[in-house]
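All chains are named by letter (A, B, ...) in the order of the sequence lines, taking the proteins before the strands, and each is independently numbered beginning at 1.
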Amino acid sequence: MSTQQENKFQAIISHAKEYGFVFPSSEIYDGLSAVYDYGPNGCELKKNLRDYWWKSMTQLHENIVGVDAAIFMHPTTWKASGHVDNFSDPMIDNKDSQKRYRVDHLLEARADALREKGAEKEADALIAEMDRLLAAEDFAALKQLIADQQIVCAISGTGNWTDIRQFNLMFSTQLGSVAGEADTIYLRPETAQGIFVNFLNVQKTARMKIPFGIAQTGKAFRNEIVARQFIFRMREFEQMEMQFFIRPGTQKEWYNYWKETRLQWHLSLGIPAEKYRYHDHVKLAHYADAALDIEYEFPFGFKEVEGIHSRTDFDLKNHQEYSKKKQQYFDNDIDEATGKPYGNYIPYVIETSIGLDRMFLLILSQSYEEETLTKEDGTADSRVVMRIPAKIAPNKLAILPLVKKDGLPEIARELMNECKQHFKCFYEEKDAIGKRYRRQDAIGTPFCVTIDHQTKEDSTVTIRHRDSMLQERIPISKVKEIVQAAL
RNA sequence: GCGGAAGUAGCUCAAUUGGUAGAGCGAUAGCCUUCCAAGCUAUAGGUUGCGGGUUCGAUCCUCGUCUUCCGCUCCA
């Protein structure tokens with residue numbers, strides 16, 4: 001990251017705090033690492049983003065419905081999903097070099113070295129022993145195995161290891177208030193499983209026919225080892241996911257459909273296409289047969305905002321296996337090849353998964369601008385403006401009486417009462433008008449209207465546009481529809 | 001986790017080789033009415049990150065600790 005971009009990112013973080021978008025969590029207690037709170041403007045923007053996504057998914061797609069599953073789920077869910085096995089890695093540190101290694105990586109490297117020497121059998125035996133001990137979570141024996149193999153740190157060259165520690169990427173807690181009898185359950189690391197386990201509930205009750213989708217927004221939790229870059233990587237975050245259930249064999253076309261559709265959603269917010277790119281996954285996760293990220297160019301580089309995954313029937317198949325409940329769909333449509341219905345099958349799934357907090361950061365990054373202006377008298381001036389798309393801006397309209405007397409506040413209040421029924425408005429009569437404009441720029445309000453003395457004579461007001469700073473005289477009766485047209 | 005840097009009012013910063021904290025902006029209230037932040041007045045706001053030590057006295061010296069940022073590592 002260049003210094004200039006770094007400064008911009010720092011400025012965005014400061015701005016976010018100063019204007020009530022994002023606060024560090026528990027700040028009076030020195031904060032909680034990688035956890036953040038959303039302030040008055042932040043929670044409006046976040047809610048608007050969530051609503052915009054929700055509407056585009058459910059209201060505008062007749063074959064997508066929503067669920068709101070609990071954060072707590074039966075522990076077996078995470079065995080079936082693969083998270084218990086794939087989200088926990090035993091780690092070991094070398095005391096001399098302070099380097100940390102994954103235990104399985106160390107042993108696999110040792111096995112590879114054995115193979116190069118032609119000791120295939122020993123290598124296989126080592127891997128088999130490792131897998132057995134990992135499955136049994138026998139950390140003492142694993143450490144002994146590392147010692148027996150005389151594995152040393154590549155940096156320090158010593159075998160001076162710490163004890164093996166488990167780094168579980170899932171947060172666990174206790175269900176039930178009686179200690180000892182309590183069962184360990186996890187805070188969900190992704191919302192997707194709440195959709196999968198409700199697949200048949202939703203399909204039957206909403207009478208959905210394949211292809212159809214289930215959408216969900218909600219919190220998820222991951223114990224990131226290093227969480228930095230502001231709200232980009234948090235331990236508690238919000239996902240907006242949609243699982244689209246399809247006939248096996250059609251995953252390619254639907255994958256491409258959602259790849260295109262989701263990018264168009266981003267572009268519909270007016271964000272330039274050159275700020276986006278696709279990144280195809282080469283190494284695929286355990287559940288996917290194709291995967292890509294939609295990346296945005298943040299001040300700290302191109303980073304993932306949204307993932308499109310072809311998850312095959314991995315999840316439903318595993319849930320069927322672990323729960324012993326059929327997760328199948330009977331497809332009555334006629335297969336032209338056979339002339340008969342497609343019949344029973346476990347659907348394939350295309351997933352679209354976007355991080356709401358990352359999307360929020362994207363909007364901040366895209367919107368924030370420090371402008372240098374030249375005033376009419378030729379002197380330099382500056383302003384900080386958040387060019388937040390009008391449809392997701394925290395406030396849509398600021399209503400400002402030019403002065404707080406001569407009956408102007410009364411007219412302004414009348415307009416306020418009319419407009420606030422339809423969209424979020426902000427009323428202010430304090431300070432010079434220019435100052436009030438700049439304050440609205442700083443929080444991204446797209447429109448300001450000013451009630452002045454002329455308003456009393458001909459019922460017109462000045463509407464001022466945030467991005468261009470241009471003003472026009474319009475009838476007060478038109479304010480509501482002009483703002484609504486931009487939303 | 002390791003290394004480096006920094007912590008003073010909401011923000012940006014002062015405080016003479018150690019003498020018990022100030023300014024600008026911002027905020028709030030009032031005045032003034034002027035369509036692009038910077039007219040006037042007043043008020044609030046700090047155990048100088050926290051805890052020890054040295055000293056008659058610590059924002060300053062010293063030790064520990066916490067937090068943040070940067071780099072490495074880790075993760076994906």
Both A/I13 and A/R439 contact RNA chain B. Which one's nearest nucleotide lies toward the 5' end? A/R439
Taking only Lys NZ, Arg NE, NH1 and NH2, and the carboxylate oxygens of Asp or Glu, determine whether A/K456 and A/D406 approach each other closer than 4.0 Å. no
Pairwise 5' ranking along RNA chain B for A/Y19 and A/K404, keeping only the more 5' one: A/K404
Scan A/S14 against the nucleic acid and name what it touches under 4.0 Å (heavy atoms): base, sugar-phosphate only, or nothing. nothing
Taking a pair to mean Watson-Crick or G-U wobble geometry with both distances below 3.5 Å, B/C61 pairs with B/G53
Listed nucleotide nearest any side-chain atom of A/D452, set B/C35, B/C75, B/A27: B/C35
Which is true for A/I433 with a 4.0 Å heavy-atom rule: it touches a base, it touches only sugar-phosphate, or it touches nothing? sugar-phosphate
Report which part of the nucleic acid A/Q471 touches: base, sugar-phosphate, or nothing (heavy-atom distance under 4.0 Å, all strands). base
Return the pairing partner of B/A29 with a 3.5 Å limit on both distances, Watson-Crick or G-U wobble; otherwise return none. B/U41
Residue A/Y36, side-chain heavy atoms: nucleotide from B/G30, B/A37, B/C69 that is nearest: B/C69
side-chain N/O A/K405 vs B/U33 OP1/OP2, d < 4.0 Å: yes
Which of the following nucleotides, B/C36, B/C75, B/U33, is nearest to the side chain of A/V403? B/U33
A/K430 has a side chain; which of B/U28, B/A37, B/C35 sits nearest to it? B/U28
Using a 4.0 Å heavy-atom cut-off across all strands, classify A/D441 as base, sugar-phosphate, or nothing. nothing
Base paired to B/C72 (Watson-Crick or G-U; both N/O distances under 3.5 angstrom): B/G1
Could you check which nucleotide pairs with B/C35 in any of the strands shown, counting Watson-Crick or G-U wobble with both distances under 3.5 Å? none
Distance check, C1' atoms only: B/A14 and B/A21, in whole angstrom units. 10 Å
So if I take every side-chain heavy atom of A/Q10 and compare against B/C69, B/G10, B/C36, which nucleotide ends up nearest? B/C69
Rounded to whole Å, how long is the line connecting atom CZ of A/R383 with atom P of B/A37? 11 Å
Mark yes or no for whether A/T261, through its side chain, and A/Y257, through its backbone, hold a donor-acceptor pair below 3.5 Å. yes
Applying the Watson-Crick and G-U wobble criteria at under 3.5 Å, what pairs with B/A23? Answer none if nothing qualifies. B/U12
Euclidean distance, atom CD of residue A/E429 to atom P of B/C31 [Å, nearest integer]: 11 Å
From B/A29, B/C35, B/G26, pick the nucleotide closest to the side chain of A/T450? B/C35
Which is it for A/F221 and A/Y186 under the ring-ring contact (aromatic ring centres under 6.0 Å, His included) test, yes or no, and what are the steps along the way? CA-CA 9 Å; A/F221 306 83; A/Y186 296 103; over 10 Å; no
Side-chain N or O of A/K435 versus OP1/OP2 of B/A38: is the shortest distance under 4.0 Å? yes
pair_partner(B/U67), Watson-Crick or wobble, both distances < 3.5 Å, evaluates to B/A6
Classify the angle between the aromatic ring planes of A/F298 and A/F300 as parallel (below 30°), tilted (30 to 60°) or perpendicular (above 60°). parallel
Using the P atom as the reference point in each nucleotide, state the distance between B/U43 and B/G24 in Å, no decimals. 13 Å
Of the options A/F21, A/F237, A/F360, which is the one that meets A/Y38 in a ring-ring contact (aromatic ring centres under 6.0 Å, His included)? A/F360
Any salt bridge linking A/R277 with A/E297? Criterion: basic side-chain nitrogen under 4.0 Å from a carboxylate oxygen. no
Can you check the A/D431 CG to B/C32 P distance for me, whole Å? 15 Å
